[in-house]
Amino acid sequence: MATRSSKPAILGGTPAHKKPWPAWPIHGAAERRLLLEVLESGKWWYGEKVARFEQAFARCHQARHAISCTNGTAALEASLIACGVGAGHEVITTPYTFVATASAILRVNAIPVFVDIEPDTANIDPKLIEKAITRRTAAILPVHFAGLPCDMDRINRIARKNKLKVIEDACHAWGGTWRGKGLGAVGDIGAFSFQMSKNITAGEGGLMLTDDGALADAARSFVHIGRQKAGQWYEHFIAGTNLRMTEWQGAILLAQLKRLPAQVATRQRNADTLDRELAKIEGIRVMRREPRGLPRSYHLYLFRIDERAFGLSRERLIECLNAEGIPCHGGYPFPLYRNPLFQRRGKGARFCPVSCPYYGRKIDYSKVHCPEAEQICRDVLWLKHAMLLGTERDMRDIVAALKKIKDHAAALR
Ligand SMILES: *Cc1c(COP(=O)(O)O)cnc(C)c1O
C-alpha cells in the first residue's frame with residue numbers, strides 16, 4: 001500500500017469501496033420450498049414447522065427447551081413473567097441497549113435499575129452489579145451487546161449468591177457461546193429476536209431458551225393463552241396471552257437457521273481482520289476479545305474513536321466514511337434512561353412505573369448517571385452485521401478508508 005493514500009472521497013477522491021455490500025435478508029430455494037409446503041398443507045398455525053424450528057434452535061444452542069413467540073420484546077416479557085418478576089420488583093440491567101430490554105421490564109410493572117457498562121465490551125459491568133442489589137431485586141437482565149458475551153460466570157455467581165434469576169437478552173447472540181454452551185441458555189432463561197434487522201429473520205419472531213422445565217412450561221403457558229400440557233384445550237391456568245409464532249415464520253426460520261453456522265464463522269473471521277488492523281490506527285479503539293465466548297455472534301461491529309488522537313470529530317468521520325462507501329453510524333444517541341419515557345416527558349410517560357404502589361418509594365431517572373454508557377454514545381461507530389458477510393478485500397477497504405481519512409484529517413476538519 002502506498003504511504004500517502006489518495007484523496008478522500010468527500011473531497012472528490014475515489015471512494016475506498018465501490019461495490020454494493022451484501023444485501024440483507026438472504027433467502028433462497030430452501031425458504032421458498034418450505035413456505036410452499038406450509039401453503040399447500042393448509043396447516044398455517046403453530047404446528048410442525050414451528051416445533052421443528054424450536055427443536056433445531058434448542059439443539060444448536062445445547063438448550064433443553066425452546067419456546068417460540070411473536071418477537072424479541074415479547075420473549076423478554078414472557079421470560080420475566082415465567083421467572084415470577086412482577087409489580088414492585090427491581091431488575092438490574094444495562095442502559096446501553098435497545099429500548100425493548102427495559103420496556104419489557106416496565107410492561108410487567110417492574111423497575112429497571114440501570115448499571116453502567118464496561119468501556120471495552122459495552123456490556124453491563126459485573127463489578128457494579130452487587131452494589132445495585134436491594135431487597136426488591138428479583139433478576140439480572142444482561143444483554144450480550146453486539147453479540148459479545150457478558151461474563152456469565154460472574155453474573156451467574158452473583159445471582160446464585162443473592163437468589164436472583166438471570167434473564168439473558170440474547171437478541172444479538174444467535175449461535176454465540178459461553179464456554180461452549182449456547183448463549184441464552186447459560187442463565188435461567190434467554191430471549192432471542194428474529195426481527196428483520198437481526199442475523200436470522202422471519203420479518204418478526206422471537207424465542208426463549210431454558211434448561212429449566214418449570215420455566216419452559218410457565219413461558220409456554222403465558223404465550224399460549226394460559227394452556228398447560230396436562231390440561232384440556234379449553235382449560236386455562238394463568239392469565240396468559242396469545243404470542244404464538246405462525247408456520248410461515250417457522251418455515252423461513254428453519255431455512256435461515258441452516259445458514260447460521262457458516263455466517264457466524266464468516267462474520268467472526270472478518271471481525272478478526274478488522275480488530276487486528278483497526279487496532280493499529282492511532283485514535284481507534286477496538287473492543288475487548290472474550291476467549292471464553294468463541295464462537296461469537298456479531299450483530300454489529302463496534303469500534304470507538306478518540307477524537308483528539310484521530311484528529312476528527314465522530315460526526316465528521318461518519319460523513320467521510322459514508323462518502324468512502326462505508327455505511328456506518330453512531331448508534332444510540334443517549335443511554336436508555338435519557339429517553340422521554342424515563343424522564344417523564346411526553347405522553348408515553350404514563351406507562352412509567354415510577355408511581356407503582358407496590359414499590360413503596362419514588363424512583364427518579366433524572367438522577368441516573370452512567371458515565372461509561374454516556375461516553376460510548378458519543379464516540380462509538382457501528383457497522384451492521386451484513387457487512388461482515390463481505391470478503392477479506394471488503395474488510396481491507398474499510399481499513400483503507402479509515403487510514404486515508406486519518407492521513408487527511410487536517411484537511412477534513
Ligand atoms: C431487537 C432487540 C430486541 C427486541 O426484539 P424485537 O423482536 O424487535 O421485539 C430486544 N433487545 C435487543 C438488544 C434487541 O436488539
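Sequence positions, counted from 1, serve as the residue numbers for this chain. When a ligand or atom number is given, it counts from 1 through the structure's own listing order. All values below were derived from every heavy atom in this structure, side-chain atoms included, with hydrogens, water molecules and symmetry-related copies excluded. What you see is a predicted model, and the numbers here were worked out from it, not measured in a lab.
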Can you list, pair by pair, the side-chain donor-acceptor contacts under 3.5 Å of residues 233-242, counting residues two or more places apart and other chains?
| from | atom 1 | to | atom 2 | distance (Å) |
| --- | --- | --- | --- | --- |
| E235 | OE1 | Q232 | N | 2.9 |
| H236 | ND1 | I225 | O | 2.9 |
| N242 | OD1 | R244 | N | 3.0 |

> Under 30°, 30 to 60°, or over 60°: which ring-plane class applies to F114 and F342, parallel, tilted or perpendicular?
Replying inline: perpendicular

> Which of the numbered atoms in ligand 1 are below 4.0 angstrom from a heavy atom of T101?
Replying inline: 11 (N)

Enumerate, atom names and distances included, each donor-acceptor pair closer than 3.5 Å involving a side-chain atom of residues 318-331, sequence neighbours excluded.
| from | atom 1 | to | atom 2 | distance (Å) |
| --- | --- | --- | --- | --- |
| E319 | OE1 | R316 | NH1 | 2.7 |
| N322 | OD1 | C328 | N | 3.2 |
| N322 | ND2 | I318 | O | 3.4 |
| E324 | OE1 | A16 | N | 2.9 |
| E324 | OE1 | K404 | NZ | 2.9 |
| E324 | OE2 | A9 | N | 2.7 |
| E324 | OE2 | K404 | NZ | 3.4 |
| H329 | ND1 | G331 | N | 3.2 |

> Counting heavy atoms only, which of H172, H144, E77, Q195 is nearest atom 8 (O) of ligand 1?
Replying inline: Q195

>> Whether the side chain of D169 engages the backbone of L141 through a donor-acceptor N/O pair (distance < 3.5 Å, no angle test) should be reported.
In response: no

>> Once you restrict to heavy atoms under 4.0 Å, what part of N71 touches ligand 1? Side chain, backbone, both or neither.
In response: both

>> Please check whether G72 reaches ligand 1 - meaning an N/O of the residue sits under 3.5 Å from an N/O of the ligand, judged on distance alone.
In response: yes

> Is it the case that E54 and S68 place a side-chain donor and acceptor less than 3.5 Å from each other?
Replying inline: yes

> Which residue and non-hydrogen atom of the protein lie closest to atom 9 (O) of ligand 1, and at what distance in Å?
Replying inline: T73 OG1, 2.5 Å

> According to the interplanar angle, ranging from 0 to 90°, do the rings of F194 and F192 count as parallel (below 30°), tilted (30 to 60°) or perpendicular (above 60°)?
Replying inline: parallel

>> Distance under 4.0 Å to a non-hydrogen atom of F98: what atoms of ligand 1 satisfy this?
In response: 2 (C), 3 (C), 12 (C), 14 (C), 15 (O)

>> Give me the nearest non-hydrogen protein atom to atom 2 (C) of ligand 1 as residue plus atom name, then the distance to 0.1 Å.
In response: K198 NZ, 2.6 Å

>> Just to be sure I read this right, does ligand 1 sit under 4.0 Å from the backbone of T97, its side chain, both, or neither, counting only heavy atoms?
In response: side chain

> Distance from I155 atom CD1 to N123 atom CG, nearest 0.5 Å?
Replying inline: 7.5 Å

> In terms of residue, atom name and distance, what is the protein heavy atom nearest to atom 11 (N) of ligand 1?
Replying inline: D169 OD2, 2.8 Å

>> Under a 4.0 angstrom heavy-atom cut-off, which atoms of ligand 1 come close to C171?
In response: 2 (C), 3 (C), 10 (C), 11 (N), 12 (C), 14 (C)

